[in-house]
Amino acid sequence: RGADPDFDFRQVAIIDRRGDVVCHTGTRTRPWSGHSVGDGFVALGNVLKGEAVVAAMADAYRASETHGFAERIMRALEAG
C-alpha cells in the first residue's frame with residue numbers, strides 16, 4: 001500500500017491454486033464498485049449499475065457447479 005499512491009483507486013483479486021481468495025476494492029473506485037467472495041471464486045466489478053450485478057454474477061457461478069470452469073466463467077459474465 002505504501003508503495004502505491006493510488007491504492008484507493010485499485011480493484012484487484014487473487015485466487016491461489018487451493019482456492020483461497022483475497023480481494024480489494026479501493027475506497028475511491030468509481031461508483032458502483034464492489035466484490036463478492038465465494039468458495040474458490042470472486043465476482044467483482046467497477047462502474048456497475050449496482051450491487052445486484054455482482055450478486056447475479058456470483059449466483060450464476062455457484063449455480064453452474066456441474067459445468068467446467070470456462071463455462072462457469074461465461075455464465076457469470078453473461079449474468080453480469
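If you're wondering where the values come from, they're calculated on a predicted model, not measured in any experiment.
Hydrophobic cluster membership is shared by Leu44 and Ile15, with clusters built from Ile, Leu, Val, Met, Phe, Trp and Tyr side chains linked at under 4.5 angstrom.
Between atom CG of residue Asp8 and atom OG1 of residue Thr25 there is a gap of 11.5 Å, rounded to the nearest 0.5 Å. Distance check, rounded to the nearest 0.5 Å: CG of Leu77 to CE of Met57 gives 5.5 Å. To the nearest 0.5 Å, atoms CZ (Arg30) and CZ (Phe9) are separated by 11.0 Å. The NE2 atom of His24 sits 9.0 Å away from the CZ atom of Arg10 when rounded to the nearest 0.5 Å.
Taking all atoms of both residues into account, the shortest heavy-atom contact from Ala56 to Ala79 is O-CB, 3.5 Å. Of all heavy-atom pairs between Gly38 and Val21, the closest is O-CG2, 4.2 Å. The heavy-atom pair separating Val54 from Ala43 by the smallest distance is CG1-O, 3.3 Å. Between Cys23 and Val42, the shortest heavy-atom contact is SG-CG2, 3.8 Å. Contact detail for Ser33 and Val47: the closest heavy-atom pair is OG-N, 3.8 Å. When all heavy atoms are compared, the tightest approach of Val37 to His35 is CG2-CD2, 3.9 Å.
The aromatic rings of Phe69 and Tyr61 sit perpendicular to each other, their planes meeting at more than 60°, with 30° as the lower class boundary.
Residue pairs meeting the salt bridge (Lys or Arg N to Asp or Glu O under 4.0 Å) criterion with at least one member in residues 68-80, sequence neighbours excluded: Glu71-Arg75. Residue pairs meeting the salt bridge (Lys or Arg N to Asp or Glu O under 4.0 Å) criterion with at least one member in residues 43-61, sequence neighbours excluded, are Asp59-Arg62.
For Gln11 (side chain) and Gly26 (main-chain N/O), no donor-acceptor pair under 3.5 Å exists by modelled atom type.
For Asp6, the CG atom counts as densely surrounded, since its 6.0 Å shell holds more than 12 non-hydrogen atoms of other residues, nucleotides or ligands.
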